[in-house]
Each structure stands twice: as C-alpha cells, then as structure tokens.
There are 2 protein chains.
Amino acid sequence: MDRNIMCPRSLRYLLAVAEHHSFTRAAEALYVSQPTLSQQIKQLEESLDVQLLDRSGRSVRLTDAGEVYVGYARRALGELDAGKRAIHELQDLSRGSLRLGMTPITDYLAAPLLDNFNTRYPGITVSTLEMPQDDIESGVAEDNIDIGIAFTNTLSTEARSNGIETQLLFIEPLNIAVGKAHHCAGQEEPLNEHAFEQEPLVLLNSDFALRRHIDLYCLEHNISPHIAIETNSLSTIIEVLRLGRLATILPDSIVCRQHEVYSVMLLPELPHHTITLISRKESYKSPASLAFMDLAAGWGVDGCRKIPSHRSGPCPMSELCDPDED
Amino acid sequence: MDRNIMCPRSLRYLLAVAEHHSFTRAAEALYVSQPTLSQQIKQLEESLDVQLLDRSGRSVRLTDAGEVYVGYARRALGELDAGKRAIHELQDLSRGSLRLGMTPITDYLAAPLLDNFNTRYPGITVSTLEMPQDDIESGVAEDNIDIGIAFTNTLSTEARSNGIETQLLFIEPLNIAVGKAHHCAGQEEPLNEHAFEQEPLVLLNSDFALRRHIDLYCLEHNISPHIAIETNSLSTIIEVLRLGRLATILPDSIVCRQHEVYSVMLLPELPHHTITLISRKESYKSPASLAFMDLAAGWGVDGCRKIPSHRSGPCPMSELCDPDED
DNA sequence: CCGGTCCATAGCCATCGCCTATAGAGCTAA
DNA sequence: TTAGCTCTATAGGCGATGGCTATGGACCGG
C-alpha cells in the first residue's frame with residue numbers, strides 16, 4: 001500500500017542524495033541513518049516504477065529520469081514552502097482581505113477608521129459594500145460580509161437570535177440640520193416639538209435605521225413630523241438642504257463636514273445614535289477581521305470619551321481622526 | 001514527530017473538503033472514512049499552526065489562510081503529477097540525452113546511424129565527441145560518455161577488464177585509396193605487397209586504431225610500408241590524396257563518398273575492420289542508450305549481410321542508409 | 001589478497017493512517 | 001421545547017510504516 005508516496009520527506013531524501021552523490025553523506029546531512037535513506041528512495045523508485053539513481057559507480061548519480069524528476073520535485077517543495085510562508089504572512093497581517101458592510105450614514109462615519117486601518121495594514125484589501133441596515137444584518141449572518149457597521153438600537157430580534165454579536169464603535173448625537181438660507185440657520189435656541197412639526201423635512205426612507213430611529217422618537221413624543229421628501233440618497237438630502245427651504249435630522253459628525261450646513265438642537269432631545277460593529281457570533285474570524293475589530297475597539301473608546309452631549313467646539317471628526325494622540 | 005506533514009495525501013484531503021464543503025462527502029469521494037479525513041486535516045492544520053477550514057457553519061469553508069494555501073497545494077500536486085508523466089515520457093523516449101565517443105574514422109562511418117536515430121527519436125539530444133580510440137575506452141569506463149563507437153580488435157586487455165562490453169556494429173573492408181591523378185587510379189588489378197612497399201603513403205598516426213590495424217598487418221606479412229606523412233587529420237589525408245602523388249589505406253565506405261578518390265585492392269587482403277559499440281558492462285543504461293544500442297544492433301546486422309568481400313556495385317552507404325527496406 | 005568504504009537487506013520497535021463505534025453540536029420539524 | 005437527523009470530532013484498536021542497529025555483499029585501492 002503506497003500511503004506516503006512522493007511525500008516531501010522522500011523528495012528531500014532524493015534531492016540530498018543527488019546533491020551529495022552519496023547515500024551515506026546525504027543521510028548525515030539529513031540526520032537519518034543510511035539504511036533509512038536507502039529504503040525510502042527505493043520505495044519512491046518502486047512507486048514511480050523508474051530508477052532515479054545510478055548506483056553502479058563509486059559515486060551515486062541521477063539517471064536521466066532522475067534528472068527530470070528532481071526538477072519537478074524541487075518546484076513542488078518550493079510551492080509547499082511558499083504556501084507555508086504565505087499563510088504566516090496572512091497571520092502577521094502582511095496580506096489579507098476584509099469585507100465591510102455599511103449604510104450611507106455609517107459609510108460616512110467610518111471613513112476615518114478605514115483610512116487608519118489601511119495606513120496601519122497596507123497589505124490588507126478592504127472592500128466596502130453600501131447597503132440598507134437589514135441587508136447588513138443578513139449579510140453578516142450569511143457570511144457575505146465579515147463585519148457590518150450599523151446602528152445598535154435597531155437590531156432586530158431576528159438578528160440577535162441569528163448569532164450576531166455587537167461591539168460598540170461610538171455614540172453620535174443627532175440634531176436638526178439646515179442650510180445657510182434656512183430661517184433657523186445659526187440660531188442657538190433649540191426648536192421645541194411644536195415648531196418642529198411646522199418645519200417641512202427631507203428624510204431618508206424607512207429602509208434606513210436612522211429614519212426608523214426618528215419615527216420611534218416622534219411616536220414616543222406624539223410628534224407628527226411634516227415629511228416633504230423621502231429619499232435613499234444622503235447626497236440628495238444635502239443638496240436639498242442647501243436650497244434653504246427644508247430641514248433634516250442628521251448626526252453631528254456629518255453636519256460639521258458639510259460646507260454651510262448648520263445644526264439646530266431639538267427639545268426634547270433625540271436619543272443619541274449608537275454605531276456598532278456587528279459580526280457573526282462564535283464563528284471563525286480571519287486575522288484581518290480581528291485586527292479591524294481591535295483597531296475599532298481602541299478607536300471607539302477614545303471617540304466616546306471625547307464627545308460631550310452638547311458640543312461647543314469644532315467638528316468632533318477632527319478629534320476622532322487623530323487616535324495616535326495617546 | 002511530524003513524519004508526513006504536507007504529504008500529497010493530506011493535501012488531496014484538504015482540496016477535496018474545500019471542493020465538497022463537507023468532510024462526509026469528501027470522504028466518500030476519496031474512499032476513506034470521515035474520521036480519517038477529520039484527523040488528517042486536523043494534523044495538517046496543527047503542523048502548519050493555522051486553521052485552514054471554517055467548520056462553524058452548516059457547510060465547511062476555507063478560511064483566508066485556507067484559500068491561500070490550497071493555491072500552493074494545487075500547484076505542488078501539479079508539479080508531482082507532471083514529474084511522474086515526464087519520467088514516463090522519458091521512458092517512452094520522447095525526451096532524453098545520449099553521449100557518443102567516436103574516432104574521426106568511426107565518426108564518418110556512423111553518421112548515417114546517427115541521422116537515423118535522430119529521425120526516429122527527435123526528442124533525444126545526441127552529443128558526439130571525437131577522440132582517439134584509447135580515450136573512447138577510458139571515457140566509457142569513467143562514464144564520461146555513454147557509448148563509444150570503436151574498433152574491436154584493438155581493444156586493450158585493460159579495457160576488457162574494465163567492465164567494457166561490446167556489440168558488433170558492422171564489418172568494413174579496407175583498401176588502398178588514391179586520388180584521380182595517381183598512377184594506380186582506376187586499375188582493377190590488385191597491388192601485390194612488393195608494389196605496395198614502393199608506394200609512398202600518407203597515414204593516420206598511431207593514436208588511431210586504424211593505424212595500429214595496418215601496422216599489425218604489415219608486421220604479419222613482413223611488409224615495410226613507405227610512410228611519407230603521418231597525421232591525426234582525416235581531412236588532411238583526403239587533401240593530400242587529391243594531389244595525386246601519395247596513397248593511403250581507408251575503409252571503403254569513406255572512399256566511395258569522396259569525389260575522385262578511388263579504391264585499389266591489396267594482396268594479401270587487409271583484414272576487415274570491425275566496428276563495435278562499447279559501453280560499461282553491468283551498469284545503468286538510460287532509455288536513450290538502450291534505444292541507440294537496439295537501433296544499432298538491427299542496423300549493423302543488416303549492414304553485415306549486405307557488404308560482400310569485393311564490391312562491384314555502388315557505395316555501400318546508400319544501402320546502409322535505408323534500413324527500412326525490411 | 002586484504003582491509004576499508006558504501007549501499008542493500010534483515011529484524012525490531014515506536015509511531016502512524018485507517019478503521020468502527022460513538023459523543024456532541026447544530027438544525028429542523030412537530 | 002423536544003425528538004430525530006446529520007455532520008464533525010474523539011476514543012480505541014490494529015495493520016502498515018519509518019527509522020533504528022547489525023550486518024551482508026560489492027567494489028576499490030594498496
């Protein structure tokens with residue numbers, strides 16, 4: 001029974017004999033006994049049904065067949081060595097890949113984190129997929145994406161039972177956002193719920209967790225918002241704000257990055273927006289996934305400490321974009 | 001003790017699981033039991049110190065490391081398969097090499113045989129080395145050449161004890177050769193030994209077996225040859241003949257290929273020249289060597305049958321060059 | 001002819017590959 | 001929530017294997 005024909009060990013034995021022109025010297029070099037070498041190479045020759053070595057002279061030489069075969073054997077061993085190195089490079093993160101799912105909102109928020117990750121691990125390829133929140137949850141569950149960046153408080157019970165686990169990234173205050181030409185632009189005094197009901201709004205549609213978050217707030221406070229436009233495009237929302245007539249509700253970190261778009265507080269206050277990483281619970285995680293989650297964990301904790309409930313300073317993103325301050 | 005890490009068997013097990021996404025189905029496909037597969041792959045992962053398969057879901061999938069590694073594993077197995085095919089192709093003579101040693105005389109005689117061999121086995125590279133007879137014998141003994149084409153009756157006793165074996169190639173009559181302008185050119189009547197002693201000769205020097213053959217003949221018949229020029233160059237001999245003054249002794253097959261060079265018989269007749277293949281006795285012979293010796297055996301037998309003691313027809317080489325007449 | 005060197009074989013033994021039996025986890029349907 | 005089914009991992013047994021030492025036999029040089 002040829003269980004171990006052409007094992008790397010046998011190939012190395014052959015190559016050593018070819019190099020040293022002697023079973024005895026090759027055996028010494030390989031730290032095995034000469035009879036071991038003799039027997040193993042004999043079995044290799046028998047399994048290949050060809051004589052690889054010419055033993056008739058004083059020194060051992062490769063036959064024509066042996067010459068041909070050692071070329072292939074060397075390349076085969078080279079592939080195995082390269083394979084071993086490659087998987088260890090993967091483990092030390094000099095190479096790899098990562099699939100991230102994000103909504104348009106979290107795409108915006110996480111961009112600095114992605115940039116930081118790529119700076120730190122340039123050999124890892126990150127592919128990001130923009131999708132609605134529900135698709136992120138199912139994508140993680142079905143292993144179509146490695147990590148989702150989503151809102152926590154809207155995770156479905158189905159997601160929770162699907163073996164999804166969460167890791168806090170950061171908490172974001174939400175406020176009314178208006179363009180420069182809007183009559184509320186620049187006012188320090190918060191809007192009350194009655195005034196809020198009078199404002200025509202442009203909002204994301206209900207595919208998005210942010211929208212559902214707003215709907216829940218309105219339901220809880222008995223507010224009937226005046227929704228003029230619904231869309232699935234954040235860009236569309238920003239453009240409409242600039243026209244000056246409509247308002248929207250957005251995380252502060254997005255607002256402060258838009259030219260001539262202003263925050264206005266709402267009372268009662270909108271619950272803060274919690275951004276989390278979601279991944280499959282108790283399943284294999286690649287080194288790249290683990291590295292991203294580690295980076296995000298350190299980054300998010302710093303982020304949380306630095307965001308006050310009501311901000312008077314510059315855009316929080318400039319603080320968050322420099323995690324190396326520690 | 002990791003005796004058999006990365007054996008082709010383990011690699012094939014891994015590739016099968018990756019393909020079937022199931023240990024059970026892969027085991028069925030490989031005709032081993034499922035626990036065997038499970039254990040062998042576990043050992044491979046332990047030896048590489050990395051997890052290659054993600055078993056956490058309902059179907060088994062490769063990890064990132066696994067994806068990387070199977071590429072290398074496939075190529076390694078491909079090299080081994082190719083190596084196996086290549087050595088069997090070698091055995092079927094689609095590739096190989098052959099080193100031949102010949103004297104200037106036998107080089108001439110064997111050229112049609114070489115041409116025939118190359119026609120039949122175009123994948124085999126033949127390298128010919130021209131050398132004196134003694135060098136042919138020692139070259140074979142020391143395995144610097146695979147086969148020598150030499151004269152039999154001058155083999156030394158040393159060569160015979162050196163484990164040299166011989167195989168008859170063909171027997172060649174020797175005669176006086178003269179140029180067109182020589183006074184004996186075209187005469188049908190043989191020269192007797194007295195007239196022969198008067199003729200100035202150009203001969204090869206005593207490094208060459210042909211020369212020693214001629215010296216032995218003269219000694220046996222008490223003839224004192226008139227040797228005007230000695231050389232180690234057959235070309236020189238042919239050029240000197242053309243000048244018309246000198247004669248030489250050559251195999252008929254060389255004479256009939258020279259423009260305006262004529263044979264003249266000598267009485268008593270020179271012993272025929274026996275050309276043989278010499279090779280190392282009881283040592284490894286490559287498939288290419290065996291094939292050459294087989295072809296020469298069939299060719300030489302045909303050659304011997306076709307050469308009469310005194311020729312009246314065209315050059316024997318044209319007969320010998322067509323061994324496919326059978 | 002003798003002594004030394006080197007490869008091949010014999011016999012022994014620890015380890016291995018493969019088996020069957022079965023434990024345990026996970027999933028689905030009732 | 002529970003039972004049944006499927007699939008992977010582990011336990012234990014056994015024949016096969018890789019490696020050892022001892023030694024036979026061939027070959028070479030003095």
Side-chain angles (χ1 to χ4, degrees), chain A residues 1-14 16-18 20-47 51-63 66 141-143 158 161-163 280-284, chain B residues 1-14 16-18 20-47 51-62 141-143 158 161-163 280-284:
Chain A
M1 186 211 282
D2 289 336
R3 270 181 185 169
N4 297 320
I5 61 174
M6 295 178 283
C7 276
R9 188 196 61 248
S10 299
L11 303 180
R12 278 189 268 273
Y13 288 173
L14 175 66
V17 173
H20 292 89
H21 299 289
S22 160
F23 282 72
T24 304
R25 285 200 294 280
E28 285 163 5
L30 294 172
Y31 303 101
V32 296
S33 68
Q34 176 269 319
T36 295
L37 211 58
S38 180
Q39 268 298 337
Q40 290 300 310
I41 289 180
K42 180 182 177 184
Q43 282 181 328
L44 178 61
E45 286 176 321
E46 283 169 358
S47 67
Q51 196 175 333
L52 299 170
L53 293 166
D54 178 5
R55 302 151 167 85
S56 59
R58 284 213 73 146
S59 66
V60 179
R61 278 178 315 254
L62 288 165
T63 62
E142 288 162 15
D143 195 35
E158 184 187 19
S161 67
N162 258 352
R280 254 183 347 279
K281 181 183 286 184
E282 286 167 40
S283 71
Y284 172 76
Chain B
M1 183 211 281
D2 289 335
R3 271 181 184 172
N4 297 320
I5 63 174
M6 293 177 280
C7 274
R9 186 196 62 248
S10 299
L11 302 181
R12 276 190 270 274
Y13 289 174
L14 176 66
V17 173
H20 292 88
H21 298 290
S22 160
F23 282 75
T24 305
R25 286 199 295 280
E28 286 163 4
L30 294 171
Y31 304 100
V32 297
S33 69
Q34 176 269 319
T36 295
L37 210 58
S38 180
Q39 267 298 337
Q40 290 300 308
I41 289 180
K42 180 182 178 186
Q43 281 182 326
L44 178 61
E45 286 176 319
E46 282 168 359
S47 68
Q51 195 176 333
L52 298 170
L53 293 167
D54 178 6
R55 302 154 168 81
S56 58
R58 283 211 71 147
S59 67
V60 178
R61 278 177 317 247
L62 288 166
E142 289 164 8
D143 194 36
E158 184 188 19
S161 69
N162 259 350
R280 257 186 341 283
K281 181 183 288 182
E282 287 169 41
S283 70
Y284 173 79

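Predicted, not measured: the structure shown is a model, and the values here were computed from it. First the proteins, then the strands, lettered A, B, ... as listed; each starts at 1.
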Thr63(A) vs Glu45(A), test: side chain to side chain contact (heavy atoms under 4.5 Å, CB included). Steps then yes/no.
CA-CA 12 Å; Thr63(A) 62; Glu45(A) 286 176 321; over 6 Å; no

Tightest non-hydrogen contact, residues Thr36(B) and Tyr13(B), listed as CG2-OH, 4.3 Å

Could you tell me the separation between the CD atom of Glu28(B) and the C1' atom of dC7(D), rounded to a whole number of Å?
11 Å

How long is the straight-line distance from OG of Ser22(B) back to CZ of Arg58(B), given to the nearest 0.5 Å?
11.0 Å

Leu14(B) CG to dT8(D) C1': how many Å, rounded?
16 Å

Between P of dG17(C) and CE of Met6(B), the distance in whole Å
13 Å

In sequence, state the C-alpha distance, the side-chain angles, and the governing distance for Leu14(A) and Leu53(A), and then conclude on side chain to side chain contact (heavy atoms under 4.5 Å, CB included).
CA-CA 9 Å; Leu14(A) 175 66; Leu53(A) 293 166; 4.1 Å; yes

Please give, in whole Å, the distance from dT17(D) P to Arg9(B) CZ?
11 Å

Any side-chain heavy-atom pair of Met6(A) and Ser10(A) under 4.5 Å
no

Send over the distance from Leu44(B) CG to dG17(C) P, rounded to a whole Å.
11 Å

Ile41(B) CD1 - dG17(C) C1' separation (whole Å)
14 Å

Tyr31(B) vs dG17(C): side-chain N/O to OP1/OP2 distance below 4.0 Å:
no

Distance check needed: dC27(D) P versus Asp54(A) CG, whole Å only.
13 Å

Rounded to whole angstrom units, what separation is found between the OH atom of Tyr13(B) and the P atom of dT8(D)?
16 Å

Could you please spell out the steps behind the side chain to side chain contact (heavy atoms under 4.5 Å, CB included) verdict for Val32(A) and Arg9(A)?
CA-CA 11 Å; Val32(A) 296; Arg9(A) 188 196 61 248; over 6 Å; no

Reckon Ser33(A) has a side-chain N or O less than 4.0 Å from the OP1 or OP2 of dG19(D)?
no

Could you list, one pair per line, each protein nitrogen or oxygen that sits under 3.5 Å from a nitrogen or oxygen of nucleotides 6-9 of chain C, together with the distance?
{"from": "dC7(C)", "atom 1": "OP1", "to": "Phe23(A)", "atom 2": "N", "distance (Å)": "2.9"}
{"from": "dC7(C)", "atom 1": "OP2", "to": "Phe23(A)", "atom 2": "N", "distance (Å)": "3.4"}
{"from": "dC7(C)", "atom 1": "OP2", "to": "Thr24(A)", "atom 2": "N", "distance (Å)": "2.8"}
{"from": "dC7(C)", "atom 1": "OP2", "to": "Thr24(A)", "atom 2": "OG1", "distance (Å)": "2.5"}
{"from": "dA8(C)", "atom 1": "OP1", "to": "Arg55(A)", "atom 2": "NE", "distance (Å)": "2.4"}
{"from": "dA8(C)", "atom 1": "OP2", "to": "Ser38(A)", "atom 2": "OG", "distance (Å)": "2.6"}
{"from": "dA8(C)", "atom 1": "N7", "to": "Gln34(A)", "atom 2": "NE2", "distance (Å)": "3.1"}
{"from": "dA8(C)", "atom 1": "N6", "to": "Gln34(A)", "atom 2": "OE1", "distance (Å)": "3.1"}
{"from": "dT9(C)", "atom 1": "OP2", "to": "Lys42(A)", "atom 2": "NZ", "distance (Å)": "2.7"}

